[in-house]
Amino acid sequence: MTKPIALIDCNNFYASCERVFQPQLMGKPIVVLSNNDGCVIARSNEAKALGVEMGAPWHLNKENFERLGVKIRSSNYALYGDMSARVMRTLRQFSPSLEVYSIDEAFLCLDGIADLENHARDLRKTVAQWTGIPVSVGIAPTKTLAKVANKIAKSDARSGGVFCLMDDGQQIAALKKIGLTDIWGIAHRLALRLQETGMTSPLDLRDVDPKLIRQAFGVTVERIALELRGVPCLEIEDISPPRKSLVASRSFGRPVEILNDMHEAVATYANRAAEKMRKQNLATANIVVFIETNSFRKQDRQYRASQTVNLSVATADSGKITTAALKGLSAIWRSGFLYKKAGVMLLDLVSADHVQGSLFQPTDTLVSKARMQAMDAINQRFGRGTIRVAATGLQASWQLRRNFMSARYTTDWRELLRV
DNA sequence: TCTGGGGTCCTAGGACCC
DNA sequence: TCTGGGGTCCTAGGACCC
């Protein structure tokens, strides 16, 4: 029995947040701008109707917006974060199993709900009453189809903000009407590659043999194809996994040409990143620094590079992180370019509690060592090449191989020999 | 019969998401 | 002149291990 999954998406979230606190903006075209007012990152329906594009550079559209009477707001992420938390709290009333997917989206498991559509309409009404934010609800057997359903809920006025895509016939009809890039996980480049092999619509992708898809496009696209058929490949993750990496980066107001200036910027980002990390009680041993030129300026020579610096001992120390970032910078720095952006990324974050200044060894390394030892032990006991023979299907050795593979879940390789 | 090959780690880069 | 910032996952190739 398939479990219905709902995708709840806040309509024009940032624009809607601004409206909650400035009701005079109701019914007006609004645009929210990115960090340093660089480009459009959110639009109200009215602004969309006027033809305002997502990502439109502010400097090219300033006069145009004024002429059209579009209201402009700089982004206020603290506000949006608070509003998001309110929306999510409200959603929890409607299902115990909820995955917060982004600041303005959540997946909900609606298993056991008899009247899905009514439930969803009730949810919509409650969120609007409690938070002032309008949402759309798409319901389907898989996340990918729920995304499609949500799109319909949003664009088709007759839906009233709720759309169910639970049966096969409806799904086919819906997939016929949309393009490849309307599918979650397929953007420009993948769509081009799919088209080259003759798949021009989501329906084609759905109906091609998944094995062939996997061969040609990898596991990610295979999953998408299966999900389009209604086969769930992506679970609802109601416990959010710990963060794996974090970034501090900015575009420069004017291009940076001098190493000294870049030094300063990178040091600032390294500090900001370290600060963010400590706030979450994390530590890192892998620091990435990256620099890039302005890819919008086709007339300029382009260069982008990144460098990872491994510290082997995880740290939360800003000084060490900054030093590592600057070391990376000197490795990739090339003069003669107009740099537009730079940043510092911290990878493989671990809880700072496990570090405590002592020698840090990632669990993976311990496990892989144990696995190596296990492999040799098996080879020694059963003869060289046992693992290889196992792959050919000998029954006794097959069990060994299975144990061997599951070594990733245990650090005691001795267990492996208990067959 | 074949008789160090299978496996992991690391890194950079691509592609996608909101 | 002026085009965001912060994430995730996957892949491929080479180094390395025993």
Side-chain angles (χ1 to χ4, degrees), chain A residues 9-10 13-14 32-42 53-62 74-75 77 80 84 100-105 147 181 183-193 214 217-224 234 237 241 243-255 269 272-273 276 285-286 288 290 292 294-297 304-310 312 328 332 338 340-349 362 364-365 367-380 383-392 401 404-405 407-408:
Chain A
D9 191 328
C10 301
F13 184 55
Y14 295 172
V32 177
L33 298 177
S34 64
N35 241 346
N36 34 24
D37 290 350
C39 67
V40 172
I41 54 168
E53 298 278 346
M54 188 67 165
W58 166 229
H59 70 273
L60 292 178
N61 288 281
K62 210 166 173 177
S74 294
S75 40
Y77 294 103
Y80 309 149
S84 173
V100 177
Y101 175 66
S102 74
I103 193 163
D104 69 337
E105 279 175 81
K147 278 271 191 182
T181 53
I183 301 296
W184 189 36
I186 298 181
H188 174 66
R189 279 161 212 276
L190 258 179
L192 281 181
R193 283 178 54 209
R214 183 175 194 138
F217 299 96
V219 63
T220 316
V221 182
E222 185 199 19
R223 271 184 214 138
I224 295 173
L234 308 167
E237 293 173 25
R243 173 189 305 285
K244 293 179 178 170
S245 67
L246 65 81
V247 171
S249 75
R250 283 287 181 278
S251 296
F252 303 125
R254 62 185 51 181
Y269 301 151
R272 194 182 300 151
K276 263 197 210 176
N286 281 315
V288 182
F290 64 88
E292 58 191 61
N294 188 347
S295 57
F296 291 104
R297 288 183 60 87
R304 48 195 288 215
S306 73
Q307 173 83 47
T308 308
V309 181
N310 179 273
S312 78
I332 54 175
L338 300 169
K340 177 62 185 167
K341 189 176 176 181
V344 171
M345 202 181 304
L346 307 181
L347 296 183
D348 307 319
L349 299 173
D364 274 3
T365 308
V367 172
S368 81
K369 271 199 185 133
R371 203 189 288 204
M372 290 292 183
Q373 288 170 14
M375 182 162 70
D376 278 355
I378 290 168
N379 279 338
Q380 226 167 50
R384 178 172 287 271
T386 305
I387 302 292
R388 186 158 33 107
V389 174
T392 68
R401 184 176 172 82
F404 177 71
M405 294 312 286
R408 79 169 64 240

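Quick note on labels: first sequence line is chain A, next is B, and so on, each numbered from 1.
- Considering every non-hydrogen atom in both A:Ala191 and A:Thr181, the closest pair reads CB-CG2, 3.6 Å.
- Within the nucleic acid shown, A:Pro241 has no heavy atom closer than 4.0 Å to any nucleic acid atom.
- Within the nucleic acid shown, A:Ile103 has no heavy atom closer than 4.0 Å to any nucleic acid atom.
- Among all heavy-atom pairs drawn from A:Asp37 and A:Trp58, the shortest one is O-CD1, 3.0 Å.
- A:Val219 comes within 4.0 angstrom of sugar-phosphate atoms only, judged by non-hydrogen atoms across all strands, and of no base.
- Every residue meeting the salt bridge (charged side-chain N to carboxylate O under 4.0 Å, His left out) condition with A:Glu222, not counting sequence neighbours, appears here in chain and number order: A:Arg214.
- Residue contacts for A:Asp37: at a heavy-atom cut-off of 4.0 Å it reaches no nucleic acid atom on any strand shown.
- Across all strands shown, A:Ile332 has no heavy atoms under 4.0 Å from either base or sugar-phosphate atoms.
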What's touching nucleotides 13-16 of chain C from the protein side, N or O pairs under 3.5 Å?
none

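- At the heavy-atom level, A:Tyr101 lies under 4.0 Å from the strands shown only through sugar-phosphate atoms.
- The residue A:Leu33 sits apart from the nucleic acid: no heavy atom pair falls under 4.0 Å.
- Residues satisfying the salt bridge (charged side-chain N to carboxylate O under 4.0 Å, His left out) criterion with A:Arg304, sequence neighbours excluded, are absent altogether.
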B/S/- along nucleotides 3-9 of chain C (protein heavy atoms under 4.0 Å) is BSSSSSS
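- For A:Lys340, the salt bridge (charged side-chain N to carboxylate O under 4.0 Å, His left out) criterion is met by no residue, not counting sequence neighbours.
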Can you give the dot-bracket line for DNA chain C, using ( ) for pairs inside the strand, [ ] for pairs that cross earlier ones, | for pairs with another strand and . for unpaired bases, where Watson-Crick and G-U count if both distances are under 3.5 Å? ....||||||||||||||
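- The shortest distance between side-chain heavy atoms of A:Arg243 and A:Lys276 does not fall below 4.5 Å.
- Nucleotides B:dC16 and C:dT3 place their P atoms 24 Å apart, quoted to the nearest Å.
- The shortest distance between side-chain heavy atoms of A:Val288 and A:Leu347 falls below 4.5 Å.
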